[in-house]
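Only heavy atoms go into these numbers, but all of them, side chains included; no hydrogens, no water, no symmetry mates. Since the structure is predicted, the reported quantities are computational estimates derived from the model, not experimental observations.
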Amino acid sequence: MSVNKVILLGNVGRDPDVRYPAQGQIVATFTLATSDRAYTAAGGQQVPERTEWHRIVMWGKNAEIAERYIRRGTKLYIEGKLRTRTWEDRNTIKHTVTEIYADTFELLGGRPQAATTPQAAAPQQPQPQQPQAGQGSGADIPF
C-alpha cells in the first residue's frame with residue numbers, strides 16, 4: 001500500500017494562469033506560499049521565517065472555479081497529489097518540476113479586493129439572510 005497526499009494551507013502568490021487546450025480540459029496553474037514562523041530557540045538563537053513556494057495545478061471544474069475566484073493573496077486550503085514531471089528544452093537541457101495536483105480546495109477568509117469581477121461588481125438584488133455567491137467569507141461559493 002502507498003499514499004500520495006499533500007495538504008497545504010497558504011497564500012496564493014500570483015493570479016492563476018488558465019489555459020484552454022484544444023484537445024483537453026481547462027487547466028489552471030498558480031503558486032502557493034507556505035511559511036514557518038520565525039522563532040527564538042531555547043538557546044537564544046534566532047531562527048528566521050522560512051517560506052516555501054509550491055506550484056499548484058487544477059483541472060476541469062476546479063480550474064474554472066480558480067479562474068473566477070482565486071487571486072493573488074487568497075488564503076487557500078488544498079488537498080492533492082505530488083507529481084513530478086521532466087522535459088527537455090530546445091537546448092537539450094533537462095528540467096524537472098514538482099507540482100501539486102489539487103483534488104479539493106477551500107477558499108479561506110474574504111476575497112481580496114483585486115478579485116472583483118465585472119459580474120460581481122454589477123448591481124444585484126440583496127438577500128438579507130446570506131451573502132450572494134462570490135462575496136463574503138468564501139464558504140458560500142458553490143463547489
Side-chain angles (χ1 to χ4, degrees), residues 1-125 127 130-143:
M1 183 172 138
S2 64
V3 175
N4 181 359
K5 181 164 185 151
V6 177
I7 298 174
L8 298 173
L9 175 64
N11 295 306
V12 175
R14 62 179 169 88
D15 289 356
D17 175 28
V18 181
R19 289 170 286 154
Y20 296 85
Q23 299 280 335
Q25 61 181 337
I26 180 176
V27 62
T29 58
F30 58 91
T31 57
L32 187 79
T34 57
S35 298
D36 293 328
R37 292 187 176 169
Y39 63 94
T40 303
Q45 179 185 9
Q46 297 286 329
V47 179
E49 179 177 349
R50 179 184 170 106
T51 301
E52 294 287 336
W53 288 93
H54 312 276
R55 182 179 165 95
I56 309 298
V57 179
M58 293 183 175
W59 297 91
K61 185 67 173 170
N62 283 348
E64 292 173 17
I65 294 168
E67 181 177 33
R68 280 188 79 184
Y69 297 106
I70 295 177
R71 295 291 178 264
R72 181 177 187 258
T74 303
K75 186 174 270 310
L76 284 181
Y77 171 86
I78 293 180
E79 291 184 20
K81 294 177 180 69
L82 197 60
R83 301 286 176 147
T84 303
R85 60 184 174 92
T86 305
W87 77 95
E88 198 172 276
D89 67 14
R90 63 181 114 172
N91 298 323
T92 65
I93 297 173
K94 188 176 179 180
H95 298 271
T96 302
V97 64
T98 301
E99 302 168 318
I100 310 302
Y101 278 35
D103 294 326
T104 62
F105 67 98
E106 190 171 327
L107 296 159
L108 304 174
R111 286 177 46 199
Q113 292 298 336
T116 303
T117 61
Q119 295 167 337
Q124 299 176 352
Q125 295 291 334
Q127 294 180 356
Q130 64 184 24
Q132 295 194 6
Q135 298 177 348
S137 68
D140 54 337
I141 299 171
F143 292 101

Within the side chain of D15, is there an N or O that forms a donor-acceptor pair under 3.5 Å with the backbone of R71?
-> no

Rounded to the nearest 0.5 Å, the CG atom of L107 sits from the NZ atom of K75 at a distance of 12.0 Å

query: Do M58 and I65 come close enough that some side-chain heavy atom pair is under 4.5 Å?
result: no

Output for pair (I56 CD1, F105 CZ), nearest 0.5 Å, gives 11.0 Å

One should read off an interatomic distance between I26 CD1 and N62 CG, to the nearest 0.5 angstrom, of 10.5 Å

When rounded to the nearest 0.5 Å, the distance separating CD of E64 from CD of Q25 is 9.0 Å

Please list every donor-acceptor pair under 3.5 Å in which a side-chain atom of residues 32-43 meets a protein atom from a residue at least two apart or in another chain.
residue	atom	partner	partner atom	Å
T34	OG1	H54	NE2	2.8
S35	OG	E49	OE2	3.3
S35	OG	T51	OG1	2.9
T40	OG1	Q46	OE1	3.4
T40	OG1	Q46	NE2	3.1

Do V97 and T84 make a side-chain contact, defined as non-hydrogen atoms from C-beta onward lying under 4.5 Å apart?
no

Applied to residues 3-13, the salt bridge (Lys or Arg N to Asp or Glu O under 4.0 Å) test, sequence neighbours excluded, yields K5-E79

Value for CZ (F30) from OG1 (T74), rounded to nearest 0.5 Å, stands at 8.5 Å

Interatomic distance, OG1@T96 vs CZ@R85, rounded to 0.5 Å, equals 10.0 Å

Lys/Arg N to Asp/Glu carboxylate O, E99 vs R83, below 4.0 Å:
no

The ring-ring contact (aromatic ring centres under 6.0 Å, His included) partners of W87 (sequence neighbours excluded) come to H95

All heavy atoms of A66 vs all of P16, minimum pair found to be O-CG, 3.7 Å

Polar side-chain atom of D89 near backbone of N91 as donor-acceptor pair, under 3.5 Å: yes

